[in-house]
Amino acid sequence: MNGDYRDQFDALERSWQERWERERLWSAPQRPTGRKYYALEMLPYPSGRLHMGHVRNYSIGDAVARFRRMRGDAVLHPMGWDSFGMPAENAAIQRGIPPAKWTTDNIATMRAQLRRLGFGYDWGREIAAHRPDYYRWNQWFFLRMLERDLAYRSRREVNWCDSCKTVLANEQVEGGKCWRCDSVVGKRELDQWFLRISRYSEELVAGLDRLPAWPEAVRSIQENWIGRSIGAIVRFPLVAAGGDSAADGIEIFTTRLDTIYGATFSVVARGHPILARVPAGSPQAAALEELRREVAARREQGHEEETAKRGVDTGLQVRNPYSGESIPLWAGNFVLMGYGTGAIMAVPGHDERDFEFATRYGLNVRVVVESRAGSGTIPPRRDAGGIPTAAMTADGVLVNSGPYNGLGSATARARMVADGAKDGRARESIQYRLLDWGISRQRYWGTPIPVLYCDRDGVVPVPDQDLPVILPEDVPLTGTGGSPLAQSASFVTTTCPRCGGSARRETDTMDTFIDSSWYFYRYCDARNTKAPFDPAIVAAWFPIDLYIGGINQAHLHLIYARFFTRVLRDLGLVTFDEPVVQMMCQGMVLKGGTAMSKSKGNIVDPDELIRRYGADTTRLFTLFAAPPEKDLEWDDQGVEGCFRFLERVWRLFAPRASALAAARDPGPKDGADEPRRAGLRRKVHRTIQKVTHDLDRRLHLNTPVSSLMELLNETADVARQERAGDEPYLKEAGRTLALLLQPLAPHVSEALWEGMGGSTSVLKEPWPEADPFWLTEDEIDLVVQVNGRLRGHVRVAKDAPEADAVSRARADARIATHLEGKDLRKTIYLPGRLLNLVVQ
RNA sequence: GCCGGGGUGGCGAAACUGGUAAACGCAGGGGACUUAAAAUCCCCUGGCCUUCGGGCCAUCCGGGUUCGAGUCCCGGCCCCGGCACCA
């Protein structure tokens with residue numbers, strides 16, 4: 001250990017990386033015995049090269065993994081590749097590189113980058129989604145879901161990205177645009193495979209309350225996304241020509257049953273089955289057809305829903321089962337077939353949308369809820385003729401509501417649904433915004449969906465023993481649309497396992513979010529060829545103690561992962577509901593105030609940083625510059641600062657390393673009577689305490705770096721005036737620094753440790769423990785306040801009686817001036833901390 | 001509009017459960033070393049006033065609770081994120 005840090009960090013880092021791998025230090029046991037820790041970071045898509053977001057994510061995870069390792073936990077810290085997806089296919093289309101080659105080349109590059117950063121992964125558990133030994137289990141899970149009616153085929157309107165030529169799940173449409181290519185998403189009606197995530201809506205939303213160590217933002221996003229509404233379904237019978245209630249009718253969903261006496265019309269979605277009752281050839285039928293055509297055309301082009309509400313009077317009438325009144329039935333563009341029952345009762349007096357619609361078409365507005373006196377809600381605004389000019393949407397007191405007059409809204413809702421339930425008019429209902437997960441993709445680079453179509457037997461699942469259905473390689477990729485697999489005759493043509501006749505394979509592939517919905521289980525038992533994993537091994541490693549990734553996955557991957565876990569539970573493969581105990585969402589890495597991107601030209605290249613400063617500096621800066629969950633503004637000079645810190649560590653300890661290695665360790669209370677040595681020892685032990693607390697309980701990674709900088713500064717102060725006999729104390733400081741640095745700058749940590757006599761990797765050393773003796777002092781500087789304002793300090797014993805502290809304070813000249821001529825009314829005394837003198 | 005998260009020096013940020021606001025770092029200023037520069041090392045750096053002892057004002061704004069509030073409560077402003085014809 002000598003020479004300049006600058007000249008040797010590269011060789012030093014590489015040699016320790018080799019040593020970690022040679023000694024297999026990150027190889028986790030097949031099954032942990034004793035305390036375990038599963039540290040997981042979101043697996044990367046192999047896009048080509050690592051970006052700073054990856055570096056930040058993985059630096060945080062590696063710091064925690066190294067810390068836990070030194071604390072003695074069996075640590076599982078795996079890495080893998082989310083390697084199915086469209087960029088690979090686009091590379092093939094644009095540059096003629098086979099997707100598999102593009103993908104494996106990128107993986108090789110990025111794996112080398114991860115190694116060069118020194119991240120401690122158990123590479124023996126590496127997985128890649130595009131490999132048949134992984135995706136066969138996607139197929140296996142799909143078949144299990146098919147058996148349980150959790151996977152089903154349905155024709156419905158789906159999101160269509162015309163640029164990506166594929167269907168998108170709702171979760172993958174952001175603000176009406178494709179999450180991947182940002183082009184406008186339209187609607188198409190297609191036959192698709194769906195996973196019945198809606199069966200778990202209630203569980204998924206209720207389970208959020210049992211995730212206290214998840215960020216509030218993630219829970220809130222998921223809650224909004226699932227969108228639970230409590231209300232009632234009410235049956236409105238159709239009014240027959242003669243005025244009687246007909247046998248059929250419509251069901252509406254409402255959260256405001258208390259306003260039902262104000263329903264002056266009803267509106268159904270343009271695809272509602274009741275519209276079959278509109279007489280063919282009637283003017284209403286023609287108008288309806290016109291509405292459908294217009295809306296469909298606009299939607300296909302990606303104009304989501306129009307802002308203007310439009311509708312057609314169907315000429316049909318339905319009967320309000322509470323008031324008995326007959327009201328007109330309309331079809332409207334703003335009612336969605338996919339939510340609730342596809343039909344609403346319209347209460348324009350108390351609902352803004354209904355009011356807008358009623359105003360446009362001159363329909364009646366009736367007030368049935370008045371604001372409660374003194375409630376602070378605004379009463380319905382009315383024009384001179386007493387006609388409301390806006391909807392009053394707040395709860396209040398019922399009027400014009402027959403037997404329910406005078407009741408509060410909440411009471412009325414409860415009573416009305418109970419009354420309705422008795423005679424079948426209404427029933428309580430909870431609706432969710434969350435729709436089933438459409439997983440069919442008309443693309444090549446994904447998991448083949450393991451079903452086939454037989455003319456005789458219909459949809460036939462591929463038998464388990466025929467898995468995996470291998471993704472064929474002889475497929476022309478043109479990007480012109482349609483499922484590429486349909487072009488491979490040898491793939492499509494097969495025989496039906498039931499009748500032996502000819503059959504066609506499904507040519508769509510699975511959404512790649514399937515791949516990442518269960519990969520964290522596979523890590524536990526990554527080479528299992530008989531099953532996706534051994535439940536006993538998963539039981540030993542789970543749950544994931546800490547999962548780190550971007551918050552942009554909150555309503556995507558993080559919901560799918562929770563859904564899959566529940567499916568696995570129902571399959572008997574796991575015994576818990578939630579896979580992740582603690583979730584951390586790291587902030588973005590910005591430069592110049594915006595996210596790094598090629599188009600903005602503000603990219604910082606990890607390789608360049610490693611070349612100039614090394615992995616330790618790169619990691620240290622990403623940890624130091626901001627707390628993990630906040631966005632990090634890149635600062636080239638800040639990076640220099642972190643490099644300087646490591647240089648200073650080196651300069652302080654390298655020249656004296658062998659002397660310190662030879663020095664004895666200080667005894668428990670050695671140096672206690674010498675202020676500079678005692679001061680240094682106190683700093684050492686306080687630093688241990690602070691760093692441990694921040695890493696263990698708070699997961700703050702920026703403050704430990706600060707603490708270690710402080711320790712270095714104080715050690716340097718002592719060393720500057722070094723005296724004979726200081727070696728044991730400098731040794732303690734240096735060795736402690738080496739140990740505490742391991743999670744943050746592991747290579748320097750190892751070199752320091754070795755230089756000062758360590759014979760093994762720091763990873764095998766126990767995490768240091770603070771000695772309580774050095775955490776307290778007998779005499780302390782007591783803070784003295786007068787009326788809550790700092791006026792000075794007095795030196796007293798740490799447990800001095802109050803009277804002593806007060807008399808010492810009075811004796812202080814400065815404090816005394818603030819007490820002069822005033823009465824001491826009260827004293828607040830916290831021994832060892834603070835004295836507040838309240839005077840008047 | 002609804003839901004969530006935030007506003008602390010020139011900048012990134014500290015401040016554990018209410019107890020010395022601004023630790024640590026960056027930038028800036030001054031000094032040492034040097035023929036010089038770089039590097040390194042040391043000191044200073046929230047604002048205003050000062051008789052150089054210190055005093056006053058400061059954590060988005062306005063109130064409140066408290067001996068004491070960046071931290072707790074009420075009201076408001078601004079920024080960021082999510083959802084948004086969801087009945």
*Lys/Arg cation over aromatic A:Y339: A:R433, 6.0 Å, 45° cone*: no
Identify whether any heavy atom of [X] sits under 4.0 Å from a base atom; if not, whether one sits that close to sugar-phosphate; answer base, sugar-phosphate or nothing.
X	answer
A:E216	sugar-phosphate
A:G227	nothing
A:I221	sugar-phosphate
A:P627	sugar-phosphate
A:R825	nothing
A:R648	sugar-phosphate
A:D354	nothing
A:V335	base
A:F645	nothing

For [X] and [N], give me the distance from atom [atom1] to atom [atom2], rounded to whole Å.
X	N	atom1	atom2	answer
A:L590	B:G81	CG	C1'	13 Å
A:D636	B:G12	CG	P	16 Å
A:Q431	B:A87	CD	P	9 Å
A:H793	B:U20	NE2	P	9 Å
A:L623	B:G25	CG	P	17 Å
A:Y613	B:C26	OH	P	12 Å
A:N702	B:A13	CG	P	9 Å
A:N836	B:U66	CG	P	15 Å

Assess, by modelled atom type and distance only, whether the side chains of [X] and [Y] contain a donor and an acceptor separated by less than 3.5 Å.
X	Y	answer
A:Q431	A:R228	no
A:N333	A:K309	no
A:E710	A:T687	no

### Task
Before accepting this row, confirm whether a basic side-chain N of the pair A:E777/A:R682 lies closer than 4.0 Å to the acidic partner's carboxylate O.
yes
By the Watson-Crick or G-U definition, both distances under 3.5 Å, B:G25 is matched with B:C11
Closest to the [X] side chain, choosing from [options]:
X	options	value
A:R353	B:A13, B:C86, B:A23	B:C86
A:H555	B:C83, B:A15, B:C26	B:C83
A:L830	B:A23, B:A14, B:G19	B:G19
A:L336	B:A15, B:C86, B:G25	B:C86
A:S220	B:C3, B:C24, B:U20	B:C3

Q: Answer syn or anti for B:G82, where the cut-off is 90° from 0 on the glycosidic torsion.
A: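 B:G82: anti glycosidic orientation.
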Practice item. Answer syn or anti for B:G75, where the cut-off is 90° from 0 on the glycosidic torsion. Key: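 It is anti.
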#### Entry: A:F357/A:W330 aromatic ring centres below 6.0 Å
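Ring centres of A:W330 and A:F357 closer than 6.0 Å.
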* **Ring center gap for A:F621 and A:W634 short of 6.0 angstrom** =>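 Ring centroids of A:F621 and A:W634 are less than 6.0 Å from each other.
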Next item on the list: Determine the interatomic distance between P on B:C2 and the same-named atom on B:G76; round to the nearest Å.
Entry: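 It comes out at 12 Å once rounded to the nearest Å.
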Could you tell me how far B:G19 sits from B:G70 if I compare only their C1' atoms? Round to whole Å.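 Each nucleotide's C1' atom is 13 Å from the other's.
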Note to self: With hydrogens left out and only the distance checked, is there a donor-acceptor pair under 3.5 Å joining A:Q785's side chain and the base of B:G19?
What the structure shows: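 Check passes, donor-acceptor contact within cut-off.
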Once hydrogens and angles are ignored, does a donor-acceptor distance under 3.5 Å link the base of B:C83 to the side chain of A:N224?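 No, the side chain and the base share no sub-3.5 Å donor-acceptor pair.
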### Task
Decide yes or no for A:F236 and A:L329: does some side-chain heavy atom of the first lie under 4.5 Å from some side-chain heavy atom of the second?
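Heavy-atom side-chain distance check fails, nothing below 4.5 Å.
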Can you classify the ring geometry of A:W225 versus A:H555 as parallel (below 30°), tilted (30 to 60°) or perpendicular (above 60°)?
tilted
Margin query: Judged by each residue's nearest nucleotide on RNA chain B, which is more toward the 5′ side, A:R698 or A:D717?
Written below: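 Residue closer to the 5' terminus by nearest nucleotide: A:R698.
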ask   = Start at the 5' end of RNA chain B and walk down; is the nucleotide closest to A:R644 or to A:R720 reached first?
value =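 Residue closer to the 5' terminus by nearest nucleotide: A:R644.
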Phosphate OP1/OP2 of B:A84 contacted by A:R433 side-chain N/O (<4.0 Å):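 True: A:R433 side-chain N/O within range (under 4.0 Å) of B:A84 OP1/OP2.
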Give me the distances for all protein-to-nucleotides 52-57 of chain B N/O pairs that come in under 3.5 Å?
from	atom 1	to	atom 2	distance (Å)
B:G55	OP1	A:R791	NH1	3.2
B:G55	OP1	A:H818	NE2	2.9
B:G55	OP2	A:R814	NH2	3.4
B:C56	OP1	A:R791	NH2	3.4
B:C56	OP2	A:R791	NH1	3.1
B:C57	OP2	A:R789	NH1	3.2
B:C57	OP2	A:R789	NH2	3.1

(request) Sequence neighbours left out, what passes ring-ring contact (aromatic ring centres under 6.0 Å, His included) with A:Y261? Give chain and number order. (result)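 Residues passing ring-ring contact (aromatic ring centres under 6.0 Å, His included) with A:Y261: none at all.
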